[in-house]
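See structure below.
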Amino acid sequence: MRGGEDGVPDPDSLPNPDSLPEPSVPDSGIPEPSAPDSGVPDSGVPDSRTPDAGAPGRATPGPDATDPATEGAVAGARPPSPLQPQPQPQPQPRPEPDRSHPAPRTPHSYSPVGATHLAPHTAPRLTPRTAPHPHGDDLLDRPEEWGPVATPVGAFQLVPVRVERDLSLLSAWMNDPAVAAFWELAGPESVTAAHLRPQLDGDGRSVPCLGLLDGVPMSYWEIYRADLDPLARHYPARPHDTGVHLLIGGVADRGRGVGTALLRAVADLVLDNRPLCPRVVAEPDLRNTPSVSAFLSAGFRFSAEVDLPDKRAALMVRDRALRNLL
């Protein structure tokens, strides 16, 4: 080193500070402090913004802690800490429906305006009644409870006639010339009412019914005890023989097989719901060729010609023993 005359080093002889190497600092093992991240809580201290009163050592929730009632809104506005992953909701299994107690069926209540569509089903086979009916002896096993059945032309059901609801419709049908030729009930509504009243006020041996097809009234039926009817004096009747009378009210439902399908359905209803009935019988006028043909096509057999007080009839029979053969 060069020195000055006074022993003080000449500034020009001193080294440039920028060219000196940086002093080596020994590693103490302590990491340099870094600025804390305000969005991530320290791993050793629970985040006071996440309430967890049930965990020991947790800090008391601060004033900005999530209220349970608004937890969903807060969670949507502020994502959870990556150090505290939130559990994913587990899908809940759907409960199985209880099929051990099916809902009971209720009889269809016919309304002339906006009749309800009938769900078709097959009528069950019933066993003979062992307990007396609460209103006395039911001679026809309650046709109003026989329910709807599926047929090739639609869902069909018998609904007992109510005069205050059905008289106008039935009287209009009785005044159709094609019907009046065989039923002989043309005239004012009082004529039809006089025909219905003895059945409705009687002991139940004859039940007048409307026939509903897909919820629409389109036919008239009488289900009666043939063995208790004057008809029994004209043929060898058997106990519980059940008879049917019918007319098709709508012109559009005639001549296209509807009568045949419904005759078979009603005969099956009788045999299914009246286990003591050995056969279903009918006595259409011999002159009514379409009616006789419909009975034959519906599984009835021609039994005999019978002379009744008001007509010469064809006695048609559908036997229980032959129901699956004809």
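As the structure is a computational prediction, the values presented were derived from the model and not from experiment. Here, residue 1 is the first one in the sequence, and each next residue gets the next number.
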(request) Could you check Tyr235 against Val281 for side chain to side chain contact (heavy atoms under 4.5 Å, CB included), going step by step and ending with a plain yes or no? (result) CA-CA 11 Å; Tyr235 84 105; Val281 301; 4.2 Å; yes

Grouping I, L, V, M, F, W and Y whenever their side-chain heavy atoms are under 4.5 Å apart, do [X] and [Y] come out in a common cluster?
X	Y	value
Leu231	Phe300	no
Val292	Phe302	yes
Leu315	Val280	no
Val306	Leu296	no
Val163	Val191	yes

Heavy-atom pair of closest approach, residues [X] and [Y]:
X	Y	result
Arg274	Thr242	NH1-OG1, 2.7 Å
Phe156	Ser219	CE1-OG, 4.1 Å
Leu210	Trp221	C-CD1, 4.5 Å
His195	Leu185	CG-CD1, 3.6 Å
Val244	Glu283	O-OE1, 4.3 Å
Val149	Ala265	CG2-CB, 4.3 Å

Any side-chain heavy atom of [X] within less than 4.5 Å of one from [Y]?
X	Y	value
Tyr220	Val179	no
Met218	Ile248	yes
Phe295	Pro284	yes
Pro278	Asp241	yes
Arg323	Asp272	yes

(message) Assess whether a salt bridge exists between Asp268 and Arg318, defined as any Lys/Arg side-chain N lying under 4.0 Å from an Asp/Glu carboxylate O.
(response)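 A salt bridge links Asp268 with Arg318.
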
(message) Check Arg225 with Asp203, please: is the shortest side-chain N to carboxylate O separation under 4.0 Å?
(response)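 Judged by the 4.0 Å cut-off on N to carboxylate O distance, Asp203 and Arg225 do not form a salt bridge.
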
Give, for atom [atom1] of [X] and atom [atom2] of [Y], the distance between the pair rounded to the nearest 0.5 Å.
X	Y	atom1	atom2	value
Gln157	Leu269	CD	CG	9.5 Å
Trp183	His245	CH2	NE2	6.5 Å
Asp227	His240	CG	NE2	7.0 Å
Arg301	Leu325	CZ	CG	12.5 Å
Leu158	Leu262	CG	CG	9.0 Å
Arg205	Leu228	CZ	CG	5.0 Å

(request) Determine, step by step, whether Val207 and Arg142 satisfy the side chain to side chain contact (heavy atoms under 4.5 Å, CB included) criterion, reporting the C-alpha distance in whole Å, the side-chain angles of both residues, the deciding distance to 0.1 Å, and the verdict. (result) CA-CA 9 Å; Val207 177; Arg142 304 182 69 84; over 6 Å; no

(request) Please answer whether the main-chain N or O of Leu271 pairs with a side-chain N or O of Arg320 as donor and acceptor at a distance below 3.5 Å. (result)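 Pair found, side chain donor or acceptor close to backbone of Leu271.
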
(request) For Asp285, enumerate each residue passing the salt bridge (charged side-chain N to carboxylate O under 4.0 Å, His left out) test, keeping only those at least two apart in sequence or located in another chain. (result)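 With neighbours one apart ignored, the set is Arg287.
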
Which donor-acceptor pairs under 3.5 Å do side chains of residues 168-177 form with protein atoms, sequence neighbours excluded?
{"from": "Ser168", "atom 1": "OG", "to": "Glu189", "atom 2": "OE2", "distance (Å)": "2.9"}
{"from": "Asn175", "atom 1": "OD1", "to": "Gly187", "atom 2": "N", "distance (Å)": "2.9"}
{"from": "Asn175", "atom 1": "ND2", "to": "Ser171", "atom 2": "O", "distance (Å)": "2.7"}
{"from": "Asn175", "atom 1": "ND2", "to": "Gly187", "atom 2": "O", "distance (Å)": "3.0"}
{"from": "Asp176", "atom 1": "OD1", "to": "Ala178", "atom 2": "N", "distance (Å)": "2.9"}
{"from": "Asp176", "atom 1": "OD2", "to": "Arg254", "atom 2": "NH1", "distance (Å)": "3.4"}
{"from": "Asp176", "atom 1": "OD2", "to": "Arg254", "atom 2": "NH2", "distance (Å)": "3.1"}

(message) Does atom CZ (Arg197) have a neighbourhood of more than 12 heavy atoms from anything else shown, all under 6.0 Å?
(response)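 Count not over threshold, so no.
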
(request) I would like to know whether Val266 and Ile223 meet side chain to side chain contact (heavy atoms under 4.5 Å, CB included); could you show each step before the answer? (result) CA-CA 9 Å; Val266 170; Ile223 312 299; 4.0 Å; yes

(message) Could you work out, with side-chain hydrogen bond (donor to acceptor under 3.5 Å, both in side chains) as the rule, every residue matching Thr192, not counting sequence neighbours?
(response)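 Per chain and number, Thr192 pairs via side-chain hydrogen bond (donor to acceptor under 3.5 Å, both in side chains) with no residue.
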
(message) Quick one about Ser206 and Glu222 (side-chain donor to acceptor, distance below 3.5 Å, no hydrogens or angles considered), yes or no?
(response)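 Result is no, nothing qualifies.
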
